[in-house]
Amino acid sequence: MKLATWNVNSLKVRLPHLLDWLAAEAPDVVCLQETKTTDDVFPVEALAAAGYRAVFSGQKTYNGVAILSRADAVDVVAGIPGFPDEQKRVLAATVAGARIICLYIPNGQSVDSDKYQYKLAWLSALQGWLKAELAAHPRLAVLGDFNIAPEDRDVHDPAAWAGQVLCSEPERQHFRDLIGQGLTDAFRLFEQADKSFSWWDYRQGGFRRNLGLRIDHILLSGGLAGACTACRIDKTPRTWERPSDHAPVVAEIAAPG
DNA sequence: ATGGCCTGCAACGCAGGA
């Protein structure tokens, strides 16, 4: 089973890239973030023609998440239960016996902003919910744009980013707390090139100069981590014309039994 | 030099992203 996550930065603009990438990679499950599209105009038909079902939770202009899958998606939940939020950032579904949780964690803007406080409150709510989800689903994967670079090696210039949003200690502690709940960072299960990133600023030739951050992640429960055979960041779509600023992250899980 | 770029919405600039 091939799982993927990709912040597409507007599904409308990126649909051609998404379709090309699905054809090339043939993932079984894809979590999308920043679809920036309302549910009434979600491109259901184009994705169905490509062989994918879709569940989605979107809004106008901002945010928006979706789960694409070859197999049926059931037990769909939008949002963090008990945490009212106008912003469409969470979608969960069960696909082929695996619980899939798609996240678009708030950016936070800057550590002295109200948006940062919202991010921390959001992360606290996430911790409580995931604890229950992990207890209920031994085979669980959390995929998405976490907007957290977990360690200095996930940052092109750790000194410049020290203490800044995406790298601050409270955010990194939340990431470690997710690991402490029994989740594994699939990317770090394997040998990886130095300076591996999943996002690069559009400005200043960020991608060409590899001035990036690793903020898109796939976390696996014990039941899936033990069967994970590969995890990589696919930089290919970032080289295409008019790309998303994020690259997809892909994990391969061996079939159970 | 605290902006550079991209998207959506709407309107000819703004918010938001990271």
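A note on names: the letters A, B, ... follow the listed sequences, proteins ahead of strands, and every chain is numbered from 1.
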(message) At less than 4.0 Å, is any side-chain N or O atom of A:Y104 found next to OP1 or OP2 of B:dA18? Yes or no.
(response) yes
(request) Let me know the distance between NZ of A:K60 and C1' of B:dG16, rounded to the nearest Å. (result) 15 Å
(message) Under 6.0 Å from the ring centre and within 45 degrees of the ring axis: does the NZ or CZ of A:R232 meet both conditions for the six-membered ring of A:F187?
(response) no
(message) Quick check for you: among B:dA15, B:dG17, B:dT7, whose closest atom lies nearest to any side-chain atom of A:V13?
(response) B:dT7
(request) Using atom CG of A:N147 as one end and atom P of B:dG16 as the other, report the distance to the nearest whole Å. (result) 15 Å
(message) Hydrogens and angles aside, do A:S124 and A:Q127 bring a side-chain donor and acceptor to less than 3.5 Å of each other?
(response) no
(request) Using the P atoms only, state how far B:dA15 lies from B:dA10, rounded to an integer number of Å. (result) 15 Å
(message) Just to be sure I understand the rule, does A:N107 reach a base, reach only the sugar-phosphate, or reach nothing, if contact means heavy atoms closer than 4.0 Å?
(response) base
(request) Classify the nucleic acid contact of A:N7 as base, sugar-phosphate or nothing, counting any heavy atom under 4.0 Å across all strands shown. (result) sugar-phosphate
(request) Could you please name the option among B:dA18, B:dC6, B:dG8 that lies closest to any side-chain atom of A:D245? (result) B:dA18
(message) Taking only the C1' atom of each, what is the distance from B:dC12 to B:dG17 in whole angstrom?
(response) 22 Å
(message) Is the phosphate of B:dG17 approached by A:H246 (side-chain N or O, under 4.0 Å from OP1 or OP2)?
(response) no
(request) Using a 4.0 Å heavy-atom cut-off across all strands, classify A:E34 as base, sugar-phosphate, or nothing. (result) sugar-phosphate
(request) Between B:dG3 and B:dG16, how far apart are the C1' atoms? Round to whole Å, please. (result) 15 Å
(request) Look at the rings of A:F207 and A:W200 and say which category their plane angle falls in: under 30° parallel, 30 to 60° tilted, over 60° perpendicular. (result) perpendicular
(request) Would you mind telling me which of B:dT7, B:dA18, B:dC9 lies closest to the side-chain atoms of A:N9? (result) B:dT7
(request) Let me know the distance between CH2 of A:W161 and P of B:dT2, rounded to the nearest Å. (result) 18 Å
(message) Suppose you measure atom P in B:dA18 against the same atom in B:dC6; what distance do you get, rounded to whole Å?
(response) 15 Å
(request) Could you state the atom-to-atom distance from NZ of A:K36 to P of B:dC9 in whole Å? (result) 9 Å
(request) Give the ring-plane orientation class for A:H156 versus A:W161, where under 30° counts as parallel, over 60° as perpendicular and anything between as tilted. (result) perpendicular
(request) Using atom CZ of A:R209 as one end and atom P of B:dC5 as the other, report the distance to the nearest whole Å. (result) 13 Å
(request) Take atom CD of A:Q87 and atom C1' of B:dA15, then tell me their distance rounded to the nearest Å. (result) 13 Å
(message) Go nucleotide by nucleotide along DNA chain B from the 5' end; which of A:Q204 and A:R14 gets its closest nucleotide reached first?
(response) A:Q204
(request) Using the six-membered ring of A:Y104, assess whether NZ or CZ of A:R89 lies under 6.0 Å from its centre and within 45 degrees of the ring axis. (result) yes
(message) At 4.0 Å (heavy atoms only), tell me whether A:D145 reaches a base, stays on the sugar-phosphate, or touches nothing.
(response) sugar-phosphate
(message) Measure CG/A:D201 against P/B:dG16 and give the value in whole Å, please.
(response) 18 Å
(message) Under the side-chain contact (heavy atoms from CB on, under 4.5 Å) test against A:L123, which residue among A:D177, A:I148, A:L178 passes?
(response) A:I148
(request) Could you say whether A:R242 or A:R89 is positioned toward the 5' end of DNA chain B, judged by the nucleotide with the nearest heavy atom to each? (result) A:R242
(request) Find the distance A:Y62:OH to B:dA18:C1' and express it as a whole number of Å. (result) 15 Å
